[in-house]
Colleague: 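Input: one structure, supplied below.
All values below were derived from every heavy atom in this structure, side-chain atoms included, with hydrogens, water molecules and symmetry-related copies excluded. Residue numbers begin at 1 in each chain, while the letters A, B, ... track the order of the sequences.
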2 protein chains.
Amino acid sequence: MRMAKTAIPKIKDVARVAGVSAATVSRVLNHPETVAEPTRQAVLEATRRTGYRINLAARNLRRRRTGSIVVLVPNLGNPFFSAILAGIEMTFARHGLNVVVFDTQQPDVPPELVLEYLHNSRSDGIISLDGGIPETLLKNSGARSSLPPIIFACEWDANGDYPSVRADNFEGARMAVRHLAALGHRKIGHLQGPPGNVLTEARRAGMTAAICELGLELRREWFLGGSFALESGARAAIEWIDLKERPSALFCASDQIAFGLISELHRNGVYVPRDLSVIGFDDIDIASRFIPPLTTIRQPRTQLGAAAAELLLDHIEGRRDTGEPVREILPVELVVRGSTAQWPQ
Amino acid sequence: MRMAKTAIPKIKDVARVAGVSAATVSRVLNHPETVAEPTRQAVLEATRRTGYRINLAARNLRRRRTGSIVVLVPNLGNPFFSAILAGIEMTFARHGLNVVVFDTQQPDVPPELVLEYLHNSRSDGIISLDGGIPETLLKNSGARSSLPPIIFACEWDANGDYPSVRADNFEGARMAVRHLAALGHRKIGHLQGPPGNVLTEARRAGMTAAICELGLELRREWFLGGSFALESGARAAIEWIDLKERPSALFCASDQIAFGLISELHRNGVYVPRDLSVIGFDDIDIASRFIPPLTTIRQPRTQLGAAAAELLLDHIEGRRDTGEPVREILPVELVVRGSTAQWPQ
DNA sequence: ATTGCATCTGAAATCGATTACAGTTAGCCT
DNA sequence: AGGCTAACTGTAATCGATTTCAGATGCAAT
């Protein structure tokens, strides 16, 4: 069977088949209520028959939009971010917007490429899961302020100039410490994230606040770590072992840190929670299946992504011009599992 | 300080500033060698001065392309996929193409939305990490074959109609079994992936092939599992415990399965590798930090993503019209860690 | 019957870049 | 000098949809 080399049907083809003008077809597809019922049916039928699919480039050109949202992720390999991404993605898909993912910490990405993605020629809006970008961003936007709306999710910019959606990191850290204290721990240390990171600051602040409230000891040398990654926790394990006076519990700024820590301790004959209680932050999937199952602070990941997406949509549609940037803070939850235990036993 | 409400500069503005026509600006930006040196410099200077950024919608409309690549991922939350994504993404970013990620197994995604993303109105090409889509895909493309080029990565379509880039799953499974046999195991079981999945089939085939080659026993009831997820492994743990005659080693079709398995066994007082050797597949980041560190088969993830991206670029650019679909198979690697041990001890 | 109004539809401009084609200029050759 | 070529550059058509504006139609009210 031979087939005519079917060209891709355009709006005019649909119009011809339906016996109307291209304008009417466009109306049926975009503002159906403005078209009379019989006409509308004819157009819909023609759309079906021709197998018409809209050309997004043409629509976007005319509408002066790009039809896509850029999401800046500090590390795609981190499962914590992928879950948030899922929430973001679902929300925008429903609105017919593409989600373009960009990993800001990929090894050989030139910084000008990141800037390229920030520009409004690339997207109708930006969600950044990376709080570190604003320096480059502001430097650039000073020159020409043609940036699309930006929302920070999870992390945020230190100056607070942009709207953000985040978990209650301060309170989460506080809950973690209070949990440990409730188990009897008096010497509590902290495995921090990367220096300068807003999450690192917020969690450390919550942690120290709780320590003070409880009247516990707080030592400089009990603050270890320096990144959210597995290996940071592993390195800290050795440091903890070498400590003259060791804390009996460690609050880790991420689940990954906790895994690295527990794993390296285990290798050195130190067992959690027998010799040390450990609590994480994030509650990534594997936390419940680690050995021991990890006690942690759960962030509402999907919800976080969805909230950021909704907020960005509001900004894009101009529904949120009110001066002060919105700052949405979602509650976190303590999930008690097996990595924390009574002390002394 | 007041600022003129600067409109976004267009190619005509650049042309005016440079004292040339829009066509020349376009040429400088796209085929610089066709423009005389002084003109080119003037245009580049004007581009800088005006802060011109190209309007991608306009370019794509004229070029009849979309400028984006859709990547279909079965589950973004799985860290294995995100690593591949990183490889894909980097490659396309270098070619000025957007990567649009779409999670095919998101709970409430209507199937027609997936089809929407398959269409060439949405992208210049597709990379699918999900082997399950071709049924819907073919049904649809029968009606109108206006699909952009598709490459499968990691998974592939069962009919082999499409080009693909994948790891050597058969050989990986074989290596896993041989490793276990070399440690003295004679009764080896398998925790499979979801039924019907191409990876499930390939890995099972490799596994059974190795078992036969080695002249080992193969029992129906030693094949457990049914998904690549953590919980599938956890369920299988209970089934293994309930077995009258238990295999002394299990080859898991994914690292996640292995984690779920080991975790649930541990909870029931069964220790790996003391009571059972376990080997996984994938080598996701956390594998090296699990307790015990997981012996597994490593897939070259980033490389896999990059290879798929390159192959797709070849197809898009029409460099690969040769009849038979390309099938690139990348080697895997056995990574021996602590979850497998000599048997009997 | 005429006017007025509401409802619907079509013609044409428009979005911003690319590129085929044609025109200009300078340089070279005979 | 005239003609020819090569090297650039400009004009204008084009990509495919949206939307403004105005025209057409039908109905109700006077």
Colleague: Partners of Arg65(A) by salt bridge (Lys or Arg N to Asp or Glu O under 4.0 Å), sequence neighbours excluded?
Modeller: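 Residues passing salt bridge (Lys or Arg N to Asp or Glu O under 4.0 Å) with Arg65(A): none at all.
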Colleague: Along DNA chain C, 5' to 3', what are the outermost nucleotides having an atom less than 4.0 Å from a heavy atom of chain B?
Modeller: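 From 5' to 3', the first and last contacting nucleotides are dG16(C) to dA20(C).
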Colleague: Suppose we screen for side chain to side chain donor-acceptor pair (under 3.5 Å). Which residues come up paired with Thr91(B), at least two apart in sequence or across chains?
Modeller: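 Expected list: none.
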Colleague: What is the distance from CD of Glu33(B) to P of dA7(D), rounded to the nearest Å?
Modeller: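 Nearest whole value for this atom pair: 13 Å.
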Colleague: Donor-acceptor pairs under 3.5 Å, side chain of residues 28-38 of chain A to any protein atom, not counting sequence neighbours: which ones?
Modeller:
residue, atom, partner, partner atom, Å
Asn30(A), OD1, Arg59(A), NH2, 3.0
Asn30(A), OD1, Arg63(A), NH2, 3.0
Asn30(A), ND2, Ser26(A), O, 2.9
Asn30(A), ND2, Ser26(A), OG, 3.3
Thr34(A), OG1, His31(A), O, 2.9
Glu37(A), OE1, Arg40(A), NH1, 3.4
Glu37(A), OE1, Arg40(A), NH2, 3.2
Glu37(A), OE2, Gln41(A), NE2, 2.9

Colleague: Quick check: on DNA chain C, is the nucleotide nearest Thr24(B) upstream (toward 5') of the one nearest Arg62(A), or the reverse? Name the residue that is more 5'.
Modeller: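 Closer to the 5' end of DNA chain C: Arg62(A).
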Colleague: Apply ring-ring contact (aromatic ring centres under 6.0 Å, His included) to Phe80(B) and list each qualifying residue two or more places apart in sequence or on a separate chain.
Modeller: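 Per chain and number, Phe80(B) pairs via ring-ring contact (aromatic ring centres under 6.0 Å, His included) with no residue.
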Colleague: Among dG10(D), dT18(D), dT19(D), which nucleotide sits nearest the side chain of Ile11(A)?
Modeller: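 Side chain of Ile11(A) sits closest to dT18(D).
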Colleague: What residues form a side chain to side chain donor-acceptor pair (under 3.5 Å) with Arg327(B), not counting sequence neighbours?
Modeller: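 Arg327(B) satisfies side chain to side chain donor-acceptor pair (under 3.5 Å) with no residue once adjacent residues are dropped.
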Colleague: List in chain and number order the residues that pass side chain to side chain donor-acceptor pair (under 3.5 Å) with Arg27(B), two or more places apart in sequence or in another chain; answer none if no residue qualifies.
Modeller: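 Here no residue qualifies.
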Colleague: Does Glu328(B) have any salt bridge (Lys or Arg N to Asp or Glu O under 4.0 Å) partners at least two apart in sequence or in another chain, and if so, which?
Modeller: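 Here no residue qualifies.
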Colleague: Report the residues that fulfil side chain to side chain donor-acceptor pair (under 3.5 Å) with Asn197(A), sequence neighbours left out, ordered by chain and then residue number.
Modeller: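 Side chain to side chain donor-acceptor pair (under 3.5 Å) list for Asn197(A), sorted by chain: Glu155(A).
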Colleague: Which parts of residues 36-43 of chain A get close to DNA chain C, meaning a heavy atom less than 4.0 angstrom away?
Modeller: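 The stretch gives Ala36(A), Thr39(A) as the residues lying under 4.0 Å from the strand, ordered by number.
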Colleague: Could you work out how much the helix from dA1(C)-dT30(D) to dT30(C)-dA1(D) bends, comparing the axis of its first five pairs with that of its last five, to 10°?
Modeller: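 Angle reported: 60°, given to the nearest ten degrees.
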Colleague: Apply ring-ring contact (aromatic ring centres under 6.0 Å, His included) to Phe81(B) and list each qualifying residue two or more places apart in sequence or on a separate chain.
Modeller: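 Once residues adjacent in sequence are excluded, Phe81(B) has no partner under the ring-ring contact (aromatic ring centres under 6.0 Å, His included) criterion.
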